[in-house]
Amino acid sequence: MSDLQNDQNSKSDAPTGVLGWLGERYQIQGLIDYLAKKEVPSYRHSFWYYMGGLSLLFFMVQIVTGILLLFYYTPGKEAYSSVKFIVEKVEFGWLIRSIHSYAANLMVFFVFVHMFSVIFMKAYRRPRELTYITGFILLALSMGMGFSGYLLPWDELAFFATKIGMNITESVPLIGPIMAGMLKGGPEVGFDTISRFFALHVWGIPLLMIGVLGAHMFFLQVQGISEPDGFKALPVEKQKRVKFFPTFMYDDFLIWLIALNGLIVLAVFFPWGLGPEANVMAPTPEGIHPEWYFMAMFQILKILPNIGPLESEHIGNIIFGLTGAILALIPFWGNNRERLVSYFTIAVLAGLIIFSILAYHAVGSI
Ligand code: HEM
């Protein structure tokens, strides 16, 4: 073959378009080859592999819409009036706020689904301990994002629900009062609390999340997606795998597109509400409750009795702390305790669902 033909052949194999342009300038071919070599198992439970991606999508939506809300939102005394201005005066302000609030809830929902699915698929096993641990930190941070964001509109529900949350924080043994004091910025939940929650909501927690998420994704890229026992037990000819790039990624994007459509439908047809401005002197109105993902804990605290010198809130905190620690350490329980892990996780999941239903029933929403 002549040099000219060789040159033409190698040119026709090279990537074109943006990848080609970048490839001429930077050594990205290695990265493309690496991604193209990676494979994802494709079988009847593969659906669960999209849950992490959906959590990521809603996190990104929150960052974008959160930045837009920051153009008008003012923490402190003007918090409520600035949100009212966004909802009533700013063009499409109501829509951006609605998308932001729904995306926050959907993110927490999909992070929970993702966590339970990785536990049931035993993806926490060696060597993925750190992927699991970084994921667990992301779950805690996602809940922190929700809790800190809830107060920012400073409407009645936001204020009283945060007050309850602060009382619970205060009852955590030893560190509780210090933490609650730092968060409140005074003896009671007030305008200073909004500023502190604001700092955490727009800077502290998102920056931490981006760092931890980077580590989570890095571990995932290095180790690839796990192959569950059910997949490995299939006859070899039935063990289908798809390329991560581009097949799995394109499917991921398609699911993102469907999810974004769902999000827009929710935000447009059921716009996120804004209650009356909080009145710090008023007694707690009936039916005040936290976000849905704190409802089970809220209910458990309500029904727990005092035992000896221990108040019900202390007992509740011990139960929640221990359950969280046991869940976080699942990868280190040992190989012979996998069945126990599954039973424990089913019990936690059932507890969350049952106590949440009871809690909504008690506040009169179901
Ligand atoms: C903001 C929160 C989170 C995001 C954005 C996220 C994102 C992702 C993505 C995109 C994947 C790859 C696809 C998949 O398996 O779904 C993944 C895998 C994984 N995640 Fe997460 N994740 C989050 C939270 C969590 C939590 C709470 C846990 C568990 C406590 C967790 C544990 C894992 C594990 C073990 C894998 C590997 C799965 C496998 O190899 O089969 N992640 N994550």
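Both ligands and their constituent atoms are indexed starting at 1 by order of listing.
Ring centroid separation for the pair Tyr293 and Phe112 does not come in under the 6.0 Å cut-off. Two rings, from Trp333 and Phe344, have their centers less than 6.0 Å apart. When ring centroids are compared, Phe197 and Tyr150 stay outside the 6.0 Å threshold. Ring centroids of Phe248 and Tyr50 are separated by less than 6.0 Å, placing the two rings close together.
The protein heavy atom nearest to atom 40 (O) of ligand 1 is Ser226 N, 2.9 Å.
Here is the list of ligand 1 atoms found below 4.0 Å of a heavy atom in Met217: 10 (C). Counting the atoms of ligand 1 from 1 in the order shown, those under 4.0 Å from a heavy atom of Leu56 are 5 (C). Listed by number with element, the atoms of ligand 1 under 4.0 Å from a non-hydrogen atom of Leu139 are 27 (C). Near Ala123, meaning under 4.0 Å from one of its heavy atoms, ligand 1 places the atoms 35 (C), 38 (C), 39 (C), 41 (O). Contact atoms of ligand 1 toward Arg128: 40 (O) (distance under 4.0 Å to a heavy atom of the residue). For ligand 1 and Leu213, the ligand atoms under 4.0 Å from any heavy atom of the residue are 4 (C), 5 (C). Atoms of ligand 1 found under 4.0 Å from any heavy atom of Gly53, numbered from 1 in the order shown, are 10 (C).
Taking 4.0 Å as the cut-off between side-chain N and carboxylate O, Lys184 and Glu170 count as a salt-bridged pair.
When only modelled atom types and interatomic distance are considered, Gln221 and Lys38 share a side-chain donor-acceptor pair under 3.5 Å. Judged by distance alone, the side chains of Asp33 and Gln29 do bring a donor and an acceptor atom under 3.5 Å apart.
Note: no N/O pair closer than 3.5 Å links Ser142 and ligand 1 by distance alone.
A donor-acceptor contact shorter than 3.5 Å links the side chain of Ser82 to the backbone of Thr74. Within the 3.5 Å criterion, the main-chain N or O of Gly273 finds a donor-acceptor partner in the side chain of Arg97.
Counting heavy atoms from C-beta outward, Ser312 and Leu301 have side chains that stay 4.5 Å or more apart.
At a cut-off of 2.8 Å, measuring from atom 21 (Fe) of ligand 1, the protein N, O or S atoms that fall short of it are His114 NE2, His216 NE2, waters left aside.
Proximity of Tyr49 to ligand 1 is established by a heavy-atom distance of less than 4.0 Å. Heavy-atom separations between Tyr132 and ligand 1 include at least one value shorter than 4.0 Å.
Below 30°, between 30° and 60°, or above 60°: for Tyr43 and His45 the angle between ring planes is above 60°, a perpendicular geometry.
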